[in-house]
Amino acid sequence: MKYFIGNWKMFGVPKSINILNKINYFYSKDKNRKKYRVIVTPPYTLIETYSKYFKKKNIFIGSQNCYQKDLFSSDTAAVSPYMLKRVGAKYTLVGHSDNRKEGDTNEMLKDKVKYALKNNLKVVFCIGENEKEKKNNKTSFILKNQITKVLEKNFNSNNIIVAYEPIWSIGTGKIPTKLDLEKTVLKIKKVLKEIFKKKSPTVLYGGSVDGKNVKIFKEINAIDGFLIGGASKSSKKFIDIIKNYYR
Ligand code: PGA
């Protein structure tokens with residue numbers, strides 16, 4: 001199963017559902033639809049409406065983040081995995097570099113993953129090195145650290161997807177070389193296999209994915225799908241990625 005996950009970030013109002021309607025229509029007619037799943041993470045404000053609307057359709061709705069506590073608390077503006085589950089979210093991103101930059105520590109991320117899983121949300125755990133770390137050949141070390149400091153062997157690995165998103169690639173149009181990316185994804189899978197003793201962990205790539213460069217990524221078998229930012233805000237661009245992946 002491949003994944004095409006659209007991360008809307010701070011984008012969208014109720015009527016933006018038109019974008020998802022077009023993607024849903026494409027999916028319903030696509031001969032390849034059994035091979036992949038479409039997930040979109042709109043902002044918190046739209047999760048309930050969109051989840052209800054797409055409940056019996058083909059698009060899964062997720063959250064871009066969740067708070068590191070269960071149930072309710074006195075943390076202003078926080079939204080717990082429990083609350084997300086109750087409004088219909090099926091997935092949540094955890095550890096996106098935007099949120100790490102704002103102060104998410106490994107301890108916080110561990111709790112986010114723990115409580116998300118407890119509330120039956122599937123977790124898309126994001127990792128990635130920055131430009132300086134890449135230049136200094138620290139990528140493998142950084143990624144291993146990001147994984148092992150957060151994911152524990154007793155977490156339900158069936159509900160964890162890892163998204164490799166080099167920070168220098170997000171929103172910049174820059175992408176890793178095919179060789180580098182293949183090596184990195186295989187290394188990530190090795191680390192995950194060591195933790196979970198699971199045969200085939202799911203690892204996605206994210207960072208400036210578009211309808212053109214997806215043709216390069218599709219040659220890397222180890223990649224199980226994509227986390228798509230900018231291009232997920234246009235139905236045409238998002239559909240082009242899927243079309244060109246299966247062409
Ligand atoms: P991008 O964003 O596709 O616009 O580079 C990816 C992400 O931040 O998840």
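Computed from heavy atoms alone, side chains included, the values below leave out hydrogens, waters and symmetry copies. Whatever order the structure lists them in is the order used to number ligands and atoms, beginning at 1. Worth saying up front: this structure is predicted, and the values here are computed from it rather than measured.
- For atom 3 (O) of ligand 1, the nearest non-hydrogen atom of the protein is Gly229 N, 2.8 Å.
- At least one N/O-N/O distance between Gly230 and ligand 1 falls below 3.5 Å.
- Between atom NZ of residue Lys237 and atom CD1 of residue Ile241 there is a gap of 9.5 Å, rounded to the nearest 0.5 Å.
- The distance criterion of under 3.5 Å between nitrogen or oxygen atoms is met by Ser208 with respect to ligand 1.
- Residue-level proximity to ligand 1 for Asn7 is carried by the side chain, the only part with a heavy atom below 4.0 angstrom.
- In this structure, the side chain of Asn7 engages the main chain of Lys9 through a donor-acceptor pair within 3.5 Å.
- Close contacts between ligand 1 and Lys9 involve ligand atoms 2 (O), 6 (C), 7 (C), 8 (O) [criterion: under 4.0 Å to a heavy atom].
- Checking side-chain atoms of Lys122 against main-chain N and O of Lys90 turns up no donor-acceptor pair under 3.5 Å.
- Scanning the protein for heavy atoms near atom 7 (C) of ligand 1, the closest one is Glu165 OE2, 3.1 Å.
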N/O donor to acceptor pairs below 3.5 angstrom from side-chain atoms of residues 223-233, sequence neighbours left out:
| residue | atom | partner | partner atom | Å |
| --- | --- | --- | --- | --- |
| Asp224 | OD2 | Lys189 | NZ | 2.9 |
| Asp224 | OD2 | Val203 | N | 2.8 |
| Ser232 | OG | Ile228 | O | 3.2 |
| Ser232 | OG | Gly229 | O | 2.7 |

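- Between Ile170 and ligand 1, no N or O atom pair is found at a separation short of 3.5 Å.
- Heavy-atom distances between Gly206 and ligand 1 stay at or above 4.0 Å for every pair.
- Screening Lys198, Lys190, Lys197 against Glu194 for a salt bridge (charged side-chain N to carboxylate O under 4.0 Å, His left out) leaves a single residue, Lys190.
- Counting atoms of ligand 1 from 1 in the listed order, those under 4.0 Å from a heavy atom of Gly207 are 5 (O).
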**Prompt:** Step by step, would you call Asp70 with Lys118 a salt bridge (charged side-chain N to carboxylate O under 4.0 Å, His left out)?
**Reply:** CA-CA 9 Å; Asp70 204 3; Lys118 183 176 172 234; 2.4 Å; yes
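- Distance check, rounded to the nearest 0.5 Å: OH of Tyr44 to CE of Met10 gives 14.5 Å.
- Those atoms of ligand 1 that come under 4.0 Å of a heavy atom in His96, given as number and element, are 7 (C), 8 (O), 9 (O).
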